[in-house]
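For ligands, and for the atoms within them, numbers begin at 1 and follow the listed sequence.
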Amino acid sequence: MTLKPTRLLNVFLFITSLTLALPFATADKGNSAASKKSETIKITLLGTDQMQFDKKELKVSKGSTIELTLRHSGKLPVNVMGHNFVLLKPGVDIAKFAMAAMQAKDTGYVLPKQAKDVIAKTGLVGGGDSTTITFKAPAPGTYDYICTFPGHYAMMKGKLIVE
Ligand SMILES: [Cu+2]
């Protein structure tokens, strides 16, 4: 009794697929170890019609990637009660920064020259809108975030803690 040609072909294909799968299995292991190191943390921050962020403190682990969604939970339009999220570099004077940013209506209330003081920022959102940004967690420490819509920073600010 001899094997039929189709059967031989099947055996051959089976062995080939095993050989091909092996290197990929090893590569997969490496990838999952790397992805564990740089986990993505999803945060939803609300801005309200009462000129408030719903969170005054955000905690993330070092090395993580932050996916931050800023959602305006109110109804007021962007020109009346617009909100953004601006994460400042350490040592930046919040009041000075916000006063200068007030002039920047055309660029979402952050002057282009202020980019050097900013780690990450969103655009402005009005009632019902949301926007999402992704950025790398900065070095361990505490960072200020504010809304730079004119007059909001005193009420709308919080701390991002990287640990
Ligand atoms: Cu605001």
Side-chain angles (χ1 to χ4, degrees), residues 24-163:
F24 290 113
T26 321
D28 265 1
K29 247 185 195 170
N31 280 347
S32 68
S35 64
K36 206 171 191 183
K37 244 186 216 168
S38 61
E39 60 173 320
T40 298
I41 299 174
K42 291 187 181 185
I43 296 171
T44 300
L45 183 65
L46 301 182
T48 70
D49 276 348
Q50 287 72 44
M51 208 195 290
Q52 295 279 355
F53 283 130
D54 70 324
K55 297 177 190 79
K56 300 283 182 195
E57 196 179 282
L58 307 172
K59 271 191 185 169
V60 300
S61 42
K62 64 176 177 181
S64 60
T65 298
I66 302 165
E67 192 183 304
L68 182 132
T69 297
L70 172 67
R71 190 154 64 81
H72 195 312
S73 59
K75 289 194 168 80
L76 294 171
V78 69
N79 59 329
V80 176
M81 184 57 71
H83 298 313
N84 63 7
F85 166 91
V86 180
L87 182 64
L88 300 173
K89 287 186 181 169
V92 174
D93 185 312
I94 294 179
K96 259 190 199 166
F97 184 96
M99 292 303 273
M102 266 174 59
Q103 309 155 26
K105 187 169 192 275
D106 294 340
T107 49
Y109 292 111
V110 177
L111 292 166
K113 68 173 181 185
Q114 291 183 299
K116 62 174 175 32
D117 293 333
V118 173
I119 297 170
K121 67 177 173 69
T122 69
L124 281 177
V125 291
D129 293 336
S130 73
T131 183
T132 300
I133 54 166
T134 303
F135 60 99
K136 268 307 242 189
T142 301
Y143 302 84
D144 292 306
Y145 61 86
I146 59 172
C147 169
T148 61
F149 190 90
H152 286 200
Y153 77 92
M155 299 266 289
M156 298 188 74
K157 62 184 168 192
K159 307 265 185 201
L160 172 80
I161 299 165
V162 184
E163 54 187 19

query: NZ of Lys55 to CD1 of Ile43: how many Å apart, nearest 0.5 Å?
result: 8.0 Å
Within-4.5 Å side-chain heavy-atom neighbours: Tyr145 and Lys157: no
- request: Examine the side chains of Ser61 and Glu39 and answer whether a donor and an acceptor come within less than 3.5 Å of each other.
  value: yes
- prompt: Under a 4.5 Å cut-off applied to non-hydrogen side-chain atoms, are Glu163 and Lys62 in contact?
  reply: no
Pairwise distance CZ(Arg71) to OG1(Thr48) - rounded to 0.5 angstrom: 12.0 Å
query: Should Asp144 and Lys159 count as an ion pair when the cut-off is N to O under 4.0 Å?
result: yes
- line: Near the Cu ion (ligand 1), meaning under 2.8 Å, the protein N/O/S atoms are His83 ND1, Cys147 SG, His152 ND1, Met156 SD
